[in-house]
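Here is the structure we will look at.
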Amino acid sequence: MPARSAAACFCAALIVSTVVRAQHDRPREQFANADVRYEWVSNSRGDKLRTFVTRPKNLSRKVPVIFFVGWLSCDSVEYPDGETDGFGALIRRLIDQSGYTTVRMDKPGVGESQGTPCNKADYQGELEGYRAAFDSMKKYDFIDVQQIFVVGLSNGGGLGPLVSGDTRVAGFVSASSWGRTWYEHMLENERVRLTSTHEPPAEVNDAVKTFTQFYDLYLIQGRTPGEIISQHPQWKALWYDEPDGQYGRPAAFYQQLQSLNLGQLWQKVEAPVLVIHGSSDTIMSRADSIAIAEIVNDTHPGHARFVDVAGMGHDFTVNKKFHAELIPLILDWMKEALHAPN
């Protein structure tokens, strides 16, 4: 073998060995009542995506499964350091207290997931990953695929039915989420943001009027914030984020969200739906969340339940403490859904 080829093979082997060792040394989650399996799925972009599959200890039969659809940000759904925030508390407690299997996925470029950097990954690539992870549940002999609950958190709560597609599920949980257009959501968000900075009411109104034009060009007409500012330099002072994206995701991500018809998506849902919102949520409003329940109940009366938790923020905390009552609320609702007549 030529020396150059031998060196190349040695370097490749060294890289693989280093990656394997790094994965082995990586802190991992520990649960009192569940074990974790680490698997992979991929999307059409070639992204290799880490999945986390938990199963109750001493399991001897198939059990229902909770499939988590995560948030918008580039934060991992893995919590090796325990309940470091409200989302982690919700996930970890459902894993440990439900007696169900669970499946999570880290989106492209997050945690151990490889391929497209998260700040460049659009929603379609992320959705493909979630669908691949969802489909992968069929290969596990301990998962009862006839009893699937889709639990969507924040952005993911509005999009659960996109992930499950035509697969019949036992129910959807939408927590701190949205069911309107992204354009409506962002205009309301901008008003909340501006008001919270104690801007004079007249200036808030003028800014919101400008944002109606800005977000039309951005979300509906498909331009980037940078392109819009270059064409309307008088708006430069209003824009607070990157020229090619927002909140750490590319402009295309939000344009794809805007193109969705969540009314059409949720009106087709026949499964029970639990919608959870906190009255102190400043990211997803009551109108954002209750829209899901209203859409479902309009076409299937009584199928959706809306719970508005007094004083709870977007992160499921009340007075900076995780709202522990959410766990029995969700698990009792799931048990009811499993025993509901078809």
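The model shown is predicted, which means the values in this text are computed figures rather than measured ones.
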To the nearest 0.5 Å, what is the distance between CD (E39) and OG (S136)?
7.5 Å
Roughly how far, to the nearest 0.5 Å, is the CG atom of N297 from the CZ atom of F306?
11.5 Å
Pair [X] + [Y]: basic N to acidic O under 4.0 Å:
{"X": "E78", "Y": "R50", "answer": "no"}
{"X": "E270", "Y": "R168", "answer": "no"}
{"X": "D308", "Y": "R286", "answer": "yes"}
{"X": "R305", "Y": "E336", "answer": "no"}
{"X": "D166", "Y": "K268", "answer": "no"}
{"X": "E112", "Y": "R28", "answer": "yes"}

Sort out for me which residue in [options] forms a side-chain contact (heavy atoms from CB on, under 4.5 Å) with [X].
{"X": "L127", "options": "L162, L159, L260", "answer": "L162"}
{"X": "V65", "options": "V150, I148, T102", "answer": "I148"}
{"X": "H323", "options": "I276, L90, V309", "answer": "V309"}

D122 vs R45, salt bridge (charged side-chain N to carboxylate O under 4.0 Å, His left out): CA-CA, chis, key distance, verdict
CA-CA 11 Å; D122 64 11; R45 321 289 176 87; 3.1 Å; yes
Keeping D47 on the side-chain end and L49 on the backbone end, is there a donor-acceptor pair under 3.5 Å?
no
Look only at the side chain of Q258 and the backbone of L219, and say whether a donor-acceptor pair between them is shorter than 3.5 Å.
no
Without hydrogens or angle criteria, can the side chains of [X] and [Y] be said to hold a donor-acceptor pair below 3.5 Å?
{"X": "E128", "Y": "Y123", "answer": "no"}
{"X": "S176", "Y": "H277", "answer": "no"}
{"X": "Q147", "Y": "Y100", "answer": "no"}
{"X": "Q246", "Y": "Y218", "answer": "yes"}
{"X": "T210", "Y": "Q213", "answer": "no"}
{"X": "D106", "Y": "S76", "answer": "yes"}

Joint hydrophobic cluster, [X] plus [Y], side-chain heavy atoms closer than 4.5 Å:
{"X": "Y247", "Y": "W239", "result": "yes"}
{"X": "F149", "Y": "V163", "result": "no"}
{"X": "V53", "Y": "I66", "result": "no"}
{"X": "V273", "Y": "V151", "result": "no"}
{"X": "V169", "Y": "L338", "result": "no"}

So do the side chains of [X] and [Y] get within less than 4.5 Å of each other, counting heavy atoms only?
{"X": "S285", "Y": "E188", "value": "yes"}
{"X": "Y240", "Y": "E190", "value": "yes"}
{"X": "I292", "Y": "W178", "value": "no"}
{"X": "S113", "Y": "K48", "value": "no"}

Which label fits F142 and Y140: parallel for a plane angle under 30°, tilted from 30 to 60°, or perpendicular past 60°?
tilted
Indicate the atoms forming the closest heavy-atom contact of P250 with C118, along with that distance.
CD-O, 4.2 Å
What are the two closest non-hydrogen atoms of G158 and S177, and how far apart are they?
N-OG, 2.6 Å
Please report the C-alpha distance between W182 and Y215 in whole Å, then the side-chain angles of each, then the deciding distance to 0.1 Å, and finally whether the ring pair (Phe, Tyr, Trp, His ring centres under 6.0 Å) criterion is met.
CA-CA 10 Å; W182 196 252; Y215 280 108; 9.4 Å; no
Distance flag, aromatic centroids of F87 and F316, threshold under 6.0 Å:
yes
Would you confirm whether the ring centroid of F211 sits within less than 6.0 angstrom of the ring centroid of W235?
no
Can you confirm if the NZ or CZ of R131 lies within 45° of the ring axis of F134 and under 6.0 Å from the centre of its six-membered ring?
no
I would like to know whether R92 and E83 meet salt bridge (charged side-chain N to carboxylate O under 4.0 Å, His left out); could you show each step before the answer?
CA-CA 7 Å; R92 290 184 60 92; E83 297 179 1; 5.4 Å; no
